[in-house]
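Read through the structure below, which is laid out as structure tokens, and then see the notes.
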Amino acid sequence: METLKKRLIICTLLTAALILIVKFNLGYWSILLSSFIIFFYGGYPLFKDTFKELKNKNLGSMSLIIIAITGAYLYTIFIPWWKIPIELAIAILIILTGRWLGKKLTEKIKEPIEGPMGSIPDNTHIIEDGKVKEVPTETIRPGDLLLVKDGETIPTDGIIIKGSTIIHPTIKNSIKKTPGETVTASSTNIKKPILIEATTTKKGSFISKIIKLLTGKNKTRIQESADKTANALIITVIAIAILTFLHWDKNANALEHAITVLIAASPHAIRIATPTTILAATTISAKNGIIIKNKKSYETAPKINTIVFNKTGTLTTGKFKVTDIISLDDEIDEGDIINYAAAIESKSQHPIAKGIKEVAKDPIPVKKSKPIPGKGIEGYVGDTKIQITSYKHIKDLGFQVKPEILEMINQGKTLAFIIINDELKGCIALSDKIRKEAKKTIKNLKDKGIKCIMLTGDNKKVAEPIARKLGLDEYHAELTTEEKAKKIEKMQEDGLKVAMISQADDAQALKQADLGIATGTGHNLEVKDADIIIPWGTPSDISHILETSKATHNKIKENLAWAAVYNTITIPLATGILYQQINPPIGAALMVLSTIIPILNSKTIIKR
């Protein structure tokens, strides 16, 4: 930006000098020299962008402008006429001004996310050998101990080792943080000094990954169609410019009008209509804790008429509390049961696993573990094989369960059964609560005509009262991940457009859905099968997604309509046949206006 600003200032001075040279008639060679400097120095970024367009086989406004200003410059060399050099200089100046303004406005759109990263200090306080040292932030590595004082910006992602404070993160609202909890780069420490252990570098932080997603290259279908339209427009404009030149009998005015056609036409307004709007929508969504990975989500979301919810961590809090630990073997006590379970679940981020690990006092080192898709998890503690699985899988394996354990299912509790060396040895009961906002969200969605369905791997007797309390249209229980995917496929065959919101471990169901939304992922953005990620999501976020997608879709249509109207009116006027007062500088000003308006219109999404 600073380089462009400097170039703009120098070109302004050179243009003023050229006008004075012409006014005081200081000679043809002085005009030629000034034109040469303005053309090559001022036009350099335009040539650079044209080269990129040619390289990407995606011609745009810059290609037309380069043809126009090159023609004007060559005319200046061979035919000494003061009008063309001045118009050339002013046109280049206006185009550079437009580029600077456009970049400034685009930076403003990204500021809610990128701005806080810019506030990270160049130097950070690190603890080495018990002493506080100041080191460059770029040198921080995972495992380093950092001191973050109150009022300072956290330089990288980390875990609080000592101290409690209030953190104002880039995403979501201020929150209290205590030892053991995570913090993210670019968050502000508001209250007290804390000691954190870095878990990433600055460039590898959670917010840095989000910024990369904001500028991702994946295109929507609307964007692909717009690019084809812009390509067709470029060919049309070149043809119109040639016909304009021929119409005006190849004189100086003929060249002026042809150049004006090339400069005033704006395929760029068509090209930026979609990506600028999506950038604004993606930024405001990220600020609200909703990460859009697949930009085609903005096209899919407005068409959704059915939303499928997983139960755990989506409609419920996912904060499981252990209520009962039961041993089914006299030689194994309850402490062993919970410790074995915690060992196998040690690497899992599933809400049930977290509930179990919170209770275990003496976790045992695990040799290895792996998930049993849709059924549970298994692994080894030493040479002992341990499985943690569901009631349905227990029945499938032929185990008998005591009536008092079944009664806990009737009470709405979730049960995790412990199998040790292929024998049923214990059971852990956990309870979960319905999220406060879940019922209101379901009602709002149903009022919009959206069907709400719950698919869960939990027991029917746990699922049924939750479905009833929330007023869901349907529920299906005791499903594996594969079975959830098949249920969604059946809905799609019936003509429904389905969004699935679930934990990341429902990968097949997320992939099958028209719109896959992974929730409760924390700092993990590497969920391959999700179109959208809600790291700390709540059911109400689905309403935000649908509303923002609809607003985005409308803004894109507005921007494309503006581009169509602009080019339909401006190109005929630029030929000089209908109105002869439009020259290259006016054409340049109109072209700049054509690109600034879509950016300003897109910014209104952020103000929603």
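Note that these values count all heavy atoms, side chains included, but never hydrogens, waters or copies made by symmetry. The residues of the chain are indexed from 1 along the displayed sequence.
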[X] side-chain N/O to [Y] backbone N/O, donor-acceptor pair under 3.5 Å:
X    : Y    : answer
N231 : D227 : yes
E256 : A72  : no
S297 : N294 : yes
Y566 : T595 : no
D531 : G516 : yes
T276 : A273 : no
S208 : G204 : no

May I ask you to check if R7 and Y44 form a cation-pi contact, with NZ or CZ under 6.0 angstrom from the six-membered ring centre and within 45° of the axis? no

Side chains of [X] and [Y], heavy atoms from C-beta outward: is any pair under 4.5 Å?
X    : Y    : answer
L8   : R99  : no
Y475 : I453 : no
S34  : L14  : no
I278 : T552 : yes

Which atom pair, heavy atoms only, marks the closest approach of [X] to [Y]?
X    : Y    : result
A563 : I270 : CB-CG1, 3.7 Å
G98  : V592 : CA-CG1, 3.4 Å
T314 : S502 : OG1-CA, 3.9 Å
S187 : P169 : OG-CA, 3.3 Å
S594 : W562 : O-NE1, 3.0 Å
I263 : A91  : CD1-CB, 4.2 Å

Is it the case that atom [atom1] in [X] sees more than 12 heavy atoms from other parts of the structure closer than 6.0 Å?
X    : atom1 : answer
K448 : NZ    : yes
K511 : NZ    : no
K446 : NZ    : yes
K293 : NZ    : yes

If I take atom [atom1] from residue [X] and atom [atom2] from residue [Y], how far apart are they, to the nearest 0.5 angstrom?
X    : Y    : atom1 : atom2 : value
I291 : L525 : CD1   : CG    : 6.0 Å
T170 : I207 : OG1   : CD1   : 4.5 Å
L101 : K103 : CG    : NZ    : 12.5 Å

Check the orientation of F47 and F39. Use parallel for under 30°, tilted for 30 to 60°, and perpendicular for over 60°. perpendicular

Scan side-chain atoms only and decide if T575 and T244 contain a donor-acceptor pair under the 3.5 Å cut-off. no

